[in-house]
2 protein chains.
Amino acid sequence: MAISSTERTDVNRSAILAHLGASGPASRAELARTLSVSPALMTQLTRELITDGLVVELESAPSSGGRPARMLGLVAGGGRAIGIKVVADHIAFVEVGIDGRVLRSQSEPFDAAAATALAELSDRIRSFIDGGADAPLLGVGVGVPGSVDLPGSGVVDAPQLDWVQVPIGESLRRSLGLPVIVENNVNALAAAERLFGLGRTTANFLIVTIGTGVGAAIVADGRIMRGASGGAGELGHFPVADEGPSCRCGNLGCLEAHISEDALVSAALERGVLPAGAGISELLAAADRGDSSAIGVFEDAGRLLGRTLAGVVQVVDPALVIVLGEGTAAWAHWSGGFEPAFRAHLMARRRSIPVEVERWQDDSWAQGAAALVLATPFESEGLTGDQGRLIRARLVEQAARQ
Amino acid sequence: MAISSTERTDVNRSAILAHLGASGPASRAELARTLSVSPALMTQLTRELITDGLVVELESAPSSGGRPARMLGLVAGGGRAIGIKVVADHIAFVEVGIDGRVLRSQSEPFDAAAATALAELSDRIRSFIDGGADAPLLGVGVGVPGSVDLPGSGVVDAPQLDWVQVPIGESLRRSLGLPVIVENNVNALAAAERLFGLGRTTANFLIVTIGTGVGAAIVADGRIMRGASGGAGELGHFPVADEGPSCRCGNLGCLEAHISEDALVSAALERGVLPAGAGISELLAAADRGDSSAIGVFEDAGRLLGRTLAGVVQVVDPALVIVLGEGTAAWAHWSGGFEPAFRAHLMARRRSIPVEVERWQDDSWAQGAAALVLATPFESEGLTGDQGRLIRARLVEQAARQ
DNA sequence: TCTGCTTAGTTCAGGACTAAATAAACAGTA
DNA sequence: TACTGTTTATTTAGTCCTGAACTAAGCAGA
């Protein structure tokens, strides 16, 4: 059956579908409030979606003093999206449903610096897609450790991958024939958090990641802050001292050079806490069994992160801080240093800002990348451009082909 | 004559007027591009404005290969706005034209902590207004050293003024019977810079102020970033060390406690550079006549500011940094410390970001506050609410009463 | 049971806006 | 001089969306 809407940018229709997919059934009034459109328009749009067979009316919800709401739900099995995490030595894939849940995941070694990296990447994605369900595929999200000009364009600068102005978006788009959204990996996490996590109810929050590197993403007024060149959130290279260990970025005194996993291991080796050749997992194990020197290494890192993050919170004024990343496995040990330093350096008015540490999983990065695709229906304009339009079209058409 | 438009929110009409007032005559096509609406709509809107007698067609501009543009200009003498700077011990007023130029200014002692401060403030404003021109008054902008819930509401938290949740906006609105916009003073500068200054051509920039305090404002995607509680930009309380001099905010190691004017004077006294009782002007004078110890005090401050600001630039990713404030008088001396520290701590990709130091005048703060009023026609929604609507209505009606 | 209150949803009229086609008015060029 | 290309401005037809008025459907209390 043909969809009644023409080729126009139908942000609202797909936002309704995405919201129903992500948050479950909702009433018209609720949808109108959430997407901030008038109830009148919502009536009209849902009518179209119902006659198009994409949405059904469910049971009435119990009344709360007024006319009971008639709930609306998705008809289709929902779309799916692919999320990809790219780092220097491996790639990870996930396939997620429209509600953000992971259906399938996979991880492989990969040489990002190879000359054939782009072609290789495309092949790997293709074969991952082929192994998946046959539900309609909305698009592919890619998270990279670097800055991206625009998510819908996808030109990447990523020193860690040896990438300078690599047009990965354009390249994948052509070879895959699918909508592709590329974004900095921490920003991708922020998109996921905004859609499915704690950010759903908070329009101003800060994401901080710890692990092999240190990163941040800023969400202000519900929008991910990208900065002039898509490079906002580079917390890892915040200088915390005039001198200090040299960072892989070439500068001295970067936060990351003090508290990345490699830095912690170096510190532990220097202090004789670990035997030569040991790594971060040994350090964590030592701390876990109560080795106070090992715990001290984490606490020192926590103190430095706490102080620096306090400054960033003063400047950015979020309502919530979310800590993520592989390093959160050791958060219990960071915490003893982080909490006092963080709180002590905040202004009185901000001192009680909540810091949430969410459970971290191996595929969280890739899951974030997939959220880039699932978030596009909600953005009224701009960043994703053509790719956003394509994803919306796919979402609206998904059930029509049955 | 009655204005054809009803009570609806006519953002575009007033944005056209404001743009013509601020930037001078422009063609329809130019206006359409600047305000990002279709040429068709611009034809329609300008026709209304012309028949309403608010805008006139001027000479044709010389062609650049196509049909020559017919320029449009304002008919009315333009509106005016009042800007007010409030600090602990004095207030400053300016009256500005619609192009942002200062017509008149005044400064008086004032006790912000007094119980009657609000009533007093209102009286002073009233008498300043009465002394002014009789051009239509669009509204009153107030800049405060603290955080404001919403510019159109105006509830202020300002430790420096001993103000806790003071509803200055509501209060002034009632007593003056005029639209009142209240905002943090550095954010007000940012609004002015965005309208009339270097920010006109840059959507992502950072304002930094040095002087009695240290502040910042962040403009991202053309919008002033306010944070969750309107307190974004508190650069002064960025912790730069675990310990350190205690700050008036109560914490230790704040940037402001190291590089505010008071801190510089203290440092100079400690080092024996200045005799007891001397102040910042003596320190500047000493540096100006080449006293290397005095210069060293400024350079140390510059180094610390440079390093911290480099971090903020990494996190926020602006395209431009603008330095303002009373302290810029001594910038030549800061610079020797600032430049190397700032550049050395930036990632290679950002190292060439321009830092502009603009000429500072006594009434710049108040001028910024006035810009809050002049900027309202351009914001399509939200922050200023009713006050914005009132200001727009006044702008559109300004000439109709002739 | 009736009245008032609250919330949900619909209808209708009309305003804001755009895309596309067209006209107008130039510059450059062979 | 006619032709091409460019930029500006206008007209037209129609889309998107909202406000206001209204209906629908419950609850709570007199």
Side-chain angles (χ1 to χ4, degrees), chain A residues 3-16 20 25-51 55-73 377 380-382 389 392 396, chain B residues 3-16 20 25-52 55-73 377 379-382 386 389 392-393 396:
Chain A
I3 290 293
S4 62
S5 80
T6 59
E7 214 57 54
R8 70 192 134 82
T9 70
D10 198 341
V11 176
N12 282 324
R13 281 171 59 114
S14 50
I16 293 171
L20 292 177
S27 71
R28 279 167 252 252
E30 203 178 326
L31 286 168
R33 281 191 298 267
T34 313
L35 305 178
S36 46
V37 297
S38 68
L41 180 59
M42 192 50 67
T43 292
Q44 190 177 318
L45 292 175
T46 51
R47 180 163 38 215
E48 287 174 31
L49 290 172
I50 290 172
T51 61
V55 162
V56 278
E57 261 189 355
L58 309 174
E59 304 289 288
S60 288
S63 159
S64 63
R67 170 175 170 176
R70 261 172 294 182
M71 305 301 279
L72 301 176
S380 49
E381 51 165 337
R389 227 168 302 151
R392 282 190 280 272
V396 173
Chain B
I3 291 292
S4 63
S5 80
T6 60
E7 214 57 52
R8 71 192 134 81
T9 68
D10 198 339
V11 176
N12 282 324
R13 281 172 58 115
S14 49
I16 294 171
L20 291 177
S27 71
R28 281 167 250 251
E30 204 178 325
L31 286 169
R33 281 191 299 265
T34 313
L35 304 178
S36 45
V37 298
S38 67
L41 178 60
M42 191 50 66
T43 291
Q44 189 177 318
L45 292 175
T46 50
R47 180 163 37 216
E48 286 174 33
L49 291 171
I50 290 172
T51 61
D52 283 351
V55 163
V56 278
E57 262 190 354
L58 309 174
E59 305 289 288
S60 288
S63 159
S64 62
R67 170 174 171 176
R70 260 172 295 181
M71 305 301 278
L72 301 176
E379 39 186 55
S380 48
E381 51 166 338
D386 284 337
R389 228 168 301 151
R392 282 190 279 272
V396 173

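No hydrogens, no waters, no symmetry mates; every other heavy atom, side chains included, goes into these values.
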Exercise for review: Show the numbers, then the answer: is there a side chain to side chain contact (heavy atoms under 4.5 Å, CB included) between A:M42 and A:N12?
Suggested key: CA-CA 9 Å; A:M42 192 50 67; A:N12 282 324; over 6 Å; no
Starting from [atom2] on [N], measure out to [atom1] on [X] and report it in whole angstrom.
X     : N      : atom1 : atom2 : value
B:Q44 : C:dC17 : CD    : P     : 9 Å
B:I16 : C:dC17 : CD1   : C1'   : 13 Å
B:M71 : D:dT7  : CE    : C1'   : 14 Å
B:R13 : C:dC17 : CZ    : C1'   : 15 Å
B:L45 : D:dT11 : CG    : P     : 14 Å
A:E57 : D:dA25 : CD    : P     : 12 Å
B:L31 : D:dT7  : CG    : C1'   : 15 Å
A:E30 : C:dG9  : CD    : C1'   : 14 Å

Revision key, fill the gap. Protein-proximity profile, nucleotides 1-6 of chain D, B/S/- by nucleotide at the 4.0 Å heavy-atom cutoff, equals ----BB
**Study point:** B:R70: salt bridge (charged side-chain N to carboxylate O under 4.0 Å, His left out) partners, not counting sequence neighbours
**Key:**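 If we apply the salt bridge (charged side-chain N to carboxylate O under 4.0 Å, His left out) test to B:R70, skipping adjacent residues, there are no hits.
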Point to revise | Contact check, side chains of B:L20 and B:L31, non-hydrogen atoms, under 4.5 Å | key: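 Yes, side chains in contact.
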Point to revise | Contact check, side chains of A:E59 and A:M71, non-hydrogen atoms, under 4.5 Å | key: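 No, every pair of side-chain atoms sits at 4.5 Å or beyond.
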Point to revise | Contact under 4.0 Å: B:R70 side-chain N or O vs C:dA24 OP1/OP2 | key: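 No, outside the criterion.
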Review point. For A:S27 and C:dG9, is the shortest distance between a side-chain N/O and OP1 or OP2 below 4.0 Å?
Key: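 Answer is yes, contact under 4.0 Å.
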If you round to the nearest 0.5 Å, how far is [atom2] of [Y] from [atom1] of [X]?
X     : Y     : atom1 : atom2 : result
A:L49 : A:S14 : CG    : OG    : 9.5 Å
B:E30 : B:T34 : CD    : OG1   : 5.5 Å
A:T43 : A:L45 : OG1   : CG    : 9.0 Å

**Study point:** Contacting residues from residues 33-42 of chain B, given that a heavy atom lies under 4.0 angstrom of DNA chain C
**Key:**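 Of all residues in residues 33-42 of chain B, the ones placing a heavy atom under 4.0 Å from DNA chain C are B:V37, B:S38, B:A40, B:L41.
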Review point. Of the candidate nucleotides D:dG26, C:dG9, C:dC17, which contains the atom at the shortest distance from the side chain of A:P68?
Key: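 Between D:dG26, C:dG9, C:dC17, the one nearest the side chain of A:P68 would be D:dG26.
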Practice item. Using the test side-chain contact (heavy atoms from CB on, under 4.5 Å), find all partners of B:I50 that sit at least two apart in sequence or belong to another chain. Key: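 With neighbours one apart ignored, the set is B:R28, B:V55, B:E57, B:L72.
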**Study point:** side-chain contact (heavy atoms from CB on, under 4.5 Å) partners of B:S38, counting only residues at least two apart
**Key:**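 Per chain and number, B:S38 pairs via side-chain contact (heavy atoms from CB on, under 4.5 Å) with B:A40, B:L41.
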